[in-house]
Enquirer: 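Pasting in a structure now, in structure tokens, and then I'll have a few things to ask.
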Amino acid sequence: MPELPEVETIKRELAPHLKGEIIREVVIRRKEIVGFPKIQLFKQKVIGKRIKEVERRGKYLILRLSDGSRLIFHLKLSGRLFLIDGEESPKHERIRFLLNQRNLSFVEPRMFGRVFLVEGEVPRVLKGWRELGPEPLSRAFNQSFLREKLRGRKGKIKSLLLDQRIGCGIGNIYADESLFLARINPERTGGSLTQEEIVRLVRAIKKVLRKAIRHKGTTLSDYFRPDGKEGGFQSLLRVKDREGEPCLVCGELIQRIRIGNRSTHLCPRCQR
DNA sequence: CGGGAGTCCTGTGGGC
DNA sequence: TGCCCACAGGACTCCC
């Protein structure tokens with residue numbers, strides 16, 4: 001599932017190929033993939049524009065176009081962006097952007113992902129965008145920010161980290177990995193965390209995300225880079241997908257539980 | 001407003 | 001081998 005490190009990797013690997021390219025044509029294979037505006041208008045506004053920058057915000061990937069508008073992608077669970085040379089289109093391709101040299105193909109088997117064209121004001125369908133918290137790798141994401149967000153909260157810390165107003169860009173994999181590194185049990189309520197634990201958690205989140213970016217993301221099943229290759233962080237996971245295997249710190253068996261209808265992995269001895 | 005449950009969608013994999 | 005069904009999950013909606 002593309003989370004912050006995966007989208008950051010995609011951004012870095014797409015940028016050198018997309019910057020300066022002109023979108024010559026758009027082939028829409030499933031109209032629902034375009035979240036905004038309607039497809040006729042979408043095509044009309046995108047065709048002929050030059051891609052000036054490739055950016056990321058949380059789990060969103062952004063192509064900044066020559067007229068100041070933005071193409072905003074959300075890959076959700078199974079979305080992939082591929083750079084393709086020839087005519088052949090991959091299975092489950094939903095939309096394709098024809099450029100000068102290669103083509104950009106948005107593949108999304110499960111049809112949760114969307115692409116939006118945004119000029120100025122962000123449309124209602126992107127309401128989550130406006131409320132995104134600070135980037136976890138920025139200085140604004142610090143202990144005083146997190147303390148403020150967790151104060152008095154009765155929800156479980158795992159669920160709160162998945163709230164994009166708090167853990168912007170964090171998803172199921174990195175929430176579990178960060179809580180393990182911070183030695184905090186995911187079932188603890190947000191408001192129960194001590195100052196010291198909040199400091200540990202902030203540091204753990206930054207450390208895990210940076211390391212995952214260095215290894216080009218985690219491929220468990222659905223995530224692939226624009227050239228089709230896998231990420232490298234899956235072999236470095238400490239709890240995610242390790243149910244029944246020994247904790248690498250204490251040897252206790254890793255457990256899998258459900259929190260907020262999400263599967264959650266933890267070491268019951270290390271995480272208190 | 002907060003928190004929990006339900007919903008969307010489709011491929012995959014376990015069970016028989 | 002083939003069929004069926006549970007399951008996976010980000011973010012939004014709904015309800016209390």
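Labels below follow one simple rule: chain letters A, B, ... track the order of the sequence lines, proteins then strands, and each chain is numbered from 1. Heavy-atom basis, side chains included; hydrogens, waters and symmetry copies ignored.
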Enquirer: If we ignore angles and hydrogens, is there a donor and acceptor under 3.5 Å between the side chains of A/Gln101 and A/Glu21?
Expert: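 Checked: A/Gln101/A/Glu21 side chains show no N/O donor-acceptor pair below 3.5 Å.
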
Enquirer: I'd like to know if A/Glu108 pairs up with A/Arg30 as an ion pair, taking the criterion as any Lys NZ or Arg NE/NH1/NH2 lying under 4.0 Å from an Asp or Glu carboxylate oxygen.
Expert: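 No, no charged N to carboxylate O under 4.0 Å.
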
Enquirer: Between which nucleotides of DNA chain C, 5' to 3', does chain A make heavy-atom contacts below 4.0 Å?
Expert: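 Footprint of chain A along DNA chain C, 5' to 3': C/dA8 to C/dT13.
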
Enquirer: Test: side-chain hydrogen bond (donor to acceptor under 3.5 Å, both in side chains). Region: residues 255-270 of chain A. Which pairs qualify, not counting sequence neighbours?
Expert: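 Checked against side-chain hydrogen bond (donor to acceptor under 3.5 Å, both in side chains) - neighbours excluded - the pairs reaching residues 255-270 of chain A are A/Lys158-A/Thr264, A/Glu243-A/Arg256.
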
Enquirer: Please give, in whole Å, the distance from B/dC9 P to A/Arg114 CZ?
Expert: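 The answer, rounded to whole Å, is 8 Å.
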
Enquirer: Can you measure A/Arg262 atom CZ to B/dG4 atom P for me and round it to whole angstrom units?
Expert: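 From A/Arg262 CZ to B/dG4 P: 14 Å.
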
Enquirer: Can you label the angle between the A/Phe73 ring and the A/Phe106 ring as parallel, tilted or perpendicular, going by 30° and 60°?
Expert: perpendicular

Enquirer: How many Å lie between NZ on A/Lys154 and C1' on B/dG2, as a whole number?
Expert: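 A/Lys154 atom NZ is separated from B/dG2 atom C1' by 10 Å.
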
Enquirer: Step through the shown structure and confirm whether more than 12 heavy atoms of other residues, nucleotides or ligands are within 6.0 Å of CD on A/Glu121.
Expert: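 Incorrect, the count does not exceed 12.
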
Enquirer: A/Tyr174 and A/Glu6: side-chain donor and acceptor closer than 3.5 Å?
Expert: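 Yes, because at least one side-chain N or O of A/Tyr174 sits under 3.5 Å from a partner of the opposite role on A/Glu6.
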
Enquirer: Looking across every strand, which nucleic acid part, if any, lies under 4.0 Å from A/Arg256 by heavy atom: base, sugar-phosphate, or nothing?
Expert: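 A/Arg256: backbone/sugar contact only, no base atoms under 4.0 Å.
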
Enquirer: List DNA chain C stems (3 or more consecutive Watson-Crick/G-U pairs, under 3.5 Å)?
Expert: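 Listed by first number, the stems are B:2-16 with C:2-16.
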
Enquirer: Could you tell me whether a side-chain N or O of A/Gln234 sits under 3.5 Å from a main-chain N or O of A/Thr219, the two making a donor and an acceptor?
Expert: yes

Enquirer: Categorize A/Arg124 for me: base, sugar-phosphate, or nothing, with a 4.0 angstrom heavy-atom threshold over every strand shown.
Expert: nothing

Enquirer: How long is the line joining CZ of A/Arg110 and C1' of B/dT7, in whole Å?
Expert: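 For the pair A/Arg110 CZ and B/dT7 C1', the rounded distance is 15 Å.
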
Enquirer: Is the backbone N or O of A/Pro109 less than 3.5 Å from a side-chain atom of A/Arg94, with the two atoms forming a donor-acceptor pair by type?
Expert: yes

Enquirer: Closest-nucleotide mapping onto DNA chain C: is A/Leu77 or A/Leu126 further toward the 5' terminus? I mean the 5' end.
Expert: A/Leu77

Enquirer: What contact category does A/Arg165 fall into here, base, sugar-phosphate, or nothing, at under 4.0 angstrom with non-hydrogen atoms?
Expert: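 A/Arg165: no heavy atom of the nucleic acid under 4.0 Å.
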
Enquirer: Tell me which of A/Asn261 and A/Gly152 sits closer to the 5' end of DNA chain B, going by the nucleotide each one is nearest to.
Expert: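 Closest to the 5' end, via its nearest nucleotide, is A/Gly152.
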
Enquirer: If only side-chain N and O atoms of A/Arg94 are considered, is one of them under 4.0 Å from the OP1 or OP2 phosphate oxygen of B/dC9?
Expert: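 Negative; the distance criterion is not met.
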
Enquirer: Verify, without hydrogens or angle tests, whether A/Lys206 (side chain) and A/Pro136 (backbone) share a donor-acceptor contact under 3.5 angstrom.
Expert: yes

Enquirer: Starting from P on B/dG14, measure out to CD on A/Glu243 and report it in whole angstrom.
Expert: 13 Å

Enquirer: Identify, between A/Gly155 and A/Glu108, the residue whose nearest nucleotide on DNA chain B lies closer to the 5' end.
Expert: A/Gly155

Enquirer: Applying a 4.0 Å non-hydrogen cut-off, can you work out what A/Ser221 is touching in the nucleic acid: base, sugar-phosphate, or nothing?
Expert: nothing

Enquirer: So that I can tick it off, tell me whether A/Glu177 and A/Lys240 are bridged by a salt bridge, with the cut-off set at under 4.0 angstrom between side-chain N and carboxylate O.
Expert: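 Judged by the 4.0 Å cut-off on N to carboxylate O distance, A/Lys240 and A/Glu177 do not form a salt bridge.
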
Enquirer: What integer distance in Å separates A/His92:NE2 from B/dT10:P?
Expert: 9 Å

Enquirer: Report which part of the nucleic acid A/Lys158 touches: base, sugar-phosphate, or nothing (heavy-atom distance under 4.0 Å, all strands).
Expert: nothing

Enquirer: Roughly, in whole Å, what's the span from CD in A/Glu32 to C1' in B/dC8?
Expert: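 In whole Å, B/dC8 C1' lies 12 Å from A/Glu32 CD.
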
Enquirer: Once you round it to whole Å, what is the distance between P of B/dG4 and CD1 of A/Ile259?
Expert: 10 Å

